[in-house]
Amino acid sequence: MLAKVAERGQVTIPKALRERLGIRPGTILEFTEEAGRLIAVKTDQQDVLDRVYGTMGQGRHTDAILEELRGSAS
């Protein structure tokens, strides 16, 4: 599969690869270089606070906790 680098350095990952690898909108990729090759690896998307709360048995995401503390904006 080929992809062309756009003027601003953007590349579209072919759909077949996105589907096979589970790359969806919002997926964060970490780029490195090895022996002249570009390597992209999916990263853990969970933020630091979510991980800490997970170890405390809260089982809630940071956004949910902040919404509860602040109340709804409506």
Side-chain angles (χ1 to χ4, degrees):
M1 289 180 228
L2 299 175
K4 186 175 184 178
V5 178
E7 187 174 325
R8 293 180 53 195
Q10 298 168 320
V11 176
T12 300
I13 301 168
K15 184 177 181 181
L17 284 176
R18 291 193 317 262
E19 290 176 346
R20 189 173 357 164
L21 299 172
I23 298 172
R24 293 173 178 69
T27 298
I28 298 172
L29 301 175
E30 178 181 3
F31 291 95
T32 57
E33 179 268 332
E34 284 183 19
R37 294 175 182 230
L38 177 65
I39 309 292
V41 178
K42 289 192 308 183
T43 64
D44 181 10
Q45 295 180 20
Q46 193 176 36
D47 71 26
V48 174
L49 288 178
D50 281 342
R51 275 187 253 142
V52 170
Y53 268 90
T55 62
M56 296 176 159
Q58 294 292 317
R60 299 186 300 165
H61 292 283
T62 306
D63 291 339
I65 294 167
L66 289 175
E67 184 177 326
E68 179 181 318
L69 291 172
R70 294 177 178 160
S72 67
S74 53

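Quick note: residue numbers are just sequence positions, from 1.
Smallest separation of non-hydrogen atoms from Thr27 and Gly22: OG1-O, 4.1 Å.
To the nearest 0.5 Å, atom CD1 of residue Ile23 and atom CD1 of residue Ile13 are 4.5 Å apart.
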Fill in: Stepwise side-chain contact (heavy atoms from CB on, under 4.5 Å) check, Glu33 with Leu38
CA-CA 5 Å; Glu33 179 268 332; Leu38 177 65; 5.8 Å; no
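Leu21 is connected to Met1 through a chain of hydrophobic side-chain contacts under 4.5 Å among Ile, Leu, Val, Met, Phe, Trp and Tyr, so both are in one cluster. Val11 is not connected to Leu17 by any chain of hydrophobic side-chain contacts under 4.5 Å among Ile, Leu, Val, Met, Phe, Trp and Tyr, and they are in different clusters.
Between Val5 and Gln10, the closest side-chain pair of non-hydrogen atoms is not below 4.5 Å.
In terms of the salt bridge (charged side-chain N to carboxylate O under 4.0 Å, His left out) criterion, residue partners of Lys15 (sequence neighbours excluded) are, by chain and number, Glu19.
The main-chain N or O of Ile28 is found under 3.5 Å from a side-chain atom of Thr43 such that the two form a donor-acceptor pair.
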